*Asks:* 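Please see the structure below; I have some questions.
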Amino acid sequence: MSTVSTKEGQLRKQLADVLNQEHHAGCQPWRPVFHLSPSVGLLNDPNGFIHYQGRYHLFYQWNPFACGHGPKFWGHVSSENLCDWQEHSVALVPSEDYESHGCYSGSAIEREGALLLFYTGNVKFSDGGRTAWQCVAEVTDDEVLKKGPVLGLPKGYTGHVRDPKVWQHSDGCWYMVLAAQDRQMQGKVLLYRSRDAFDWHLVGEMAGSQTGSLGDFGYMWECPDLFLLGGKDFLLVCPQGLEPEGDKYQNLFQCGYFSGQLDYQSGTYSHGEFTELDAGFDFYAPQTTEDASGRRLIYGWLGLPDENESSHPTIEHGWIHCMSIPRELIADGNRLKQRPARELMNLRQELVIDSLTSETFTVPEACELLINSVKAPFALHFREAAELAWDGEFISLSRLNWRTGQWEHRRHACKSVNDIRLFHDSSTLEIFINDGSIVMSSRFFPEKNHQVCKYLSDIPGYLQVWSMRPSWLFQERG
Ligand code: FRU
C-alpha cells in the first residue's frame, strides 16, 4: 500500500519537473565546488546531521521553487568521508495539513537501528496567525515514512515553537531542546523528555531571555542544540533581537553558545555568558552531531535571513545560499574552537604557491590558503572584494557589500596571530585563526576574472595555497 498522499505525489512531480529543466548547475558563476549549494532555489539551515551506519547524512532546508523563503522541503545528501557527497531524493515535502507551510528545521537520531527525523510542521493561517507541530518521520532504504505530529504547541507560547534537536542521554531517556517564543515575546529554549522518542513531556524552560541570569536577550531564539563536550554542557542557539554592543552582535541575527551544566532531572541550566560562534558576516542556524569516532562535528548555513539576501547575484541563475564546510568543535574551557574537519585535506589538489615571494599572487576559484609564522601586522587583499587584516590588536574582515556597493567590516580582538587557514570556494570565505579560536565566515561576490590577491606586511609570514577539488556530484552534471 502506498504511503504517499496525493498532495505529496503532486509536489514530488512538480519538483522533478523543475530539476529536469535545470541543466548547468556546475557551470554557473559563484557556484561553490566543495560546499553544498542547491541545484535550484533556496537553501538554508542544516538539518538531521547524523553519522548513521557508517555514512554521514546531511539534510537541509530547501525551497526548490523560488529563491526566497517559502514552504520548506528537506533536501538530503550523504557521504562516507565528508568529502565525496551523493545526492538523494528529497526527504520531506510539505504535503500534509500539519506542515502546510513548510517542513521546518530539525534533527535526526538512530533509535533501535532506525533513522528517525524530527522536524517542525509549520502552519500559517489566513488571519496572520500560525501554529507548529513537532513531527517524526522514518528514513528507510526506499522512502521516508511520515509518522505525523508528536507534540503540539505548549501553553503560554506563540506559534513560534520549532527546530527540535533530539539526543539520548546516559540515563537512557531521549531529550529534546525546542526553540520558542513566549507570550511576552521573549526567546526561550524548552527541554522535553521521552522514554521512547514519541511520547514527550515538558521538563521546563531551560534558558532564555529574562530567564536565569539573563536580562532581555531577544524576542525569539532559533535552532537550539545541546551537547556535552570537555565536561561542559554547551547550548548553541540563535537569538533574534539583540542590539549591537561594541564589536559584538553586528549581524542582524546572532549565532552563539553558552557553556554550563544542565540538571537533567529539573531542567535547570546554569550557564555563563553568550559567546558568538563566528566573527564574520554569514554563519547561522548551525547543527552538530557526534560521529562514530567521538568527534563533535558542526555545519552551519553560510547565510543569514537579512536584507542582503534578496540581492544575491546568484538569484538570476536560479539558486541562492550554501552550507559551510564541516568543522570539528573542540572545548577549550568555556570556549569552543572550530577546526576544519581533517578530511578536508583530502580535497587538496595541488600546492600552487609554496612560500610566497612577491606581494601579488593569484588564487584558484577553489582553494585553501595557509599563513604561518606571522611576525608583523598584515593585510591580505582578496580578489578585490574582501580583505583580512591584523593590526596587532584586532583581526578584521572587510567585504564589498553586493547590495550597497560599500565596504563593510567585522573585527575581533586578537593580540597575536599564529596560524591562519582560509577556505575559499568561488563566493565563500571561511577563515580559522589561531587553531580556530576565532572564525570569520562570509559570502562575497568577486568578479569572475579578478583572481588577484595581495599580501602586505613588513615581515611577511609563510604563505601557501592549495587548489581544491570538487566534492559534489552535481558538478558532473554541469
Ligand atoms: C532558521 C529558521 C528556523 C526554521 C527554518 C525555516 O534559519 O528560521 O528557525 O525552522 O529557518 O526555514
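When a ligand or atom number is given, it counts from 1 through the structure's own listing order. This is a predicted model, so every value here is computed, not measured. Just so you know, these numbers use all the heavy atoms, side chains as well, and skip hydrogens, waters and symmetry mates.
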*Asks:* Less than 4.0 Å is my threshold; does some heavy atom of D163 fall inside it relative to ligand 1?
*Replies:* yes
*Asks:* Starting from atom 8 (O) of ligand 1, find the nearest protein heavy-atom neighbour and note its residue, name and distance.
*Replies:* E222 OE2, 2.8 Å
*Asks:* What protein heavy atom lies closest to atom 11 (O) of ligand 1? Include the residue and the distance to one decimal.
*Replies:* D45 OD2, 3.1 Å
*Asks:* Indicate, with yes or no, if the rings of H35 and F423 have centres closer together than 6.0 Å.
*Replies:* no
*Asks:* Would you check whether Y104 has a nitrogen or oxygen atom less than 3.5 angstrom from a nitrogen or oxygen atom of ligand 1?
*Replies:* no
*Asks:* Run the numbers for me: atoms of ligand 1, each under 4.0 Å from some heavy atom of W301, listed by number.
*Replies:* 7 (O)
*Asks:* Between N44 and ligand 1, which residue portion shows a heavy-atom distance shorter than 4.0 Å: side chain, backbone, both, or neither?
*Replies:* side chain
*Asks:* Out of all atoms in ligand 1, which are within 4.0 Å of some heavy atom of Y284? Include the element for each.
*Replies:* 1 (C), 7 (O)
*Asks:* Can you sort out which atoms of ligand 1 are near Q61, meaning under 4.0 Å from one of its heavy atoms?
*Replies:* 5 (C), 6 (C), 12 (O)
*Asks:* Strictly distance-based, threshold 3.5 Å: is any side-chain N or O of N63 a donor or acceptor partner for the main-chain N or O of G41?
*Replies:* no
*Asks:* Determine, for E430 against R421, whether the closest basic-nitrogen to carboxylate-oxygen distance falls under 4.0 angstrom.
*Replies:* no
*Asks:* Out of all atoms in ligand 1, which are within 4.0 Å of some heavy atom of S105? Include the element for each.
*Replies:* 5 (C), 10 (O)
*Asks:* What class does the angle between the rings of H69 and H321 fall in, given that below 30° is parallel, 30 to 60° is tilted and above 60° is perpendicular?
*Replies:* tilted
*Asks:* Please work out whether the ring planes of H271 and F258 are parallel, tilted or perpendicular, with thresholds of 30° and 60°.
*Replies:* tilted
*Asks:* Quick check on contacts: which atoms of ligand 1 are under 4.0 angstrom from a heavy atom of R162?
*Replies:* 3 (C), 4 (C), 9 (O), 10 (O)
*Asks:* Taking the six-membered ring for Trp and the full ring for Phe, Tyr or His, determine whether the centres of H57 and F49 are under 6.0 Å apart.
*Replies:* no
*Asks:* Classify the ring geometry between W167 and Y264 as parallel (under 30°), tilted (30 to 60°) or perpendicular (over 60°).
*Replies:* perpendicular
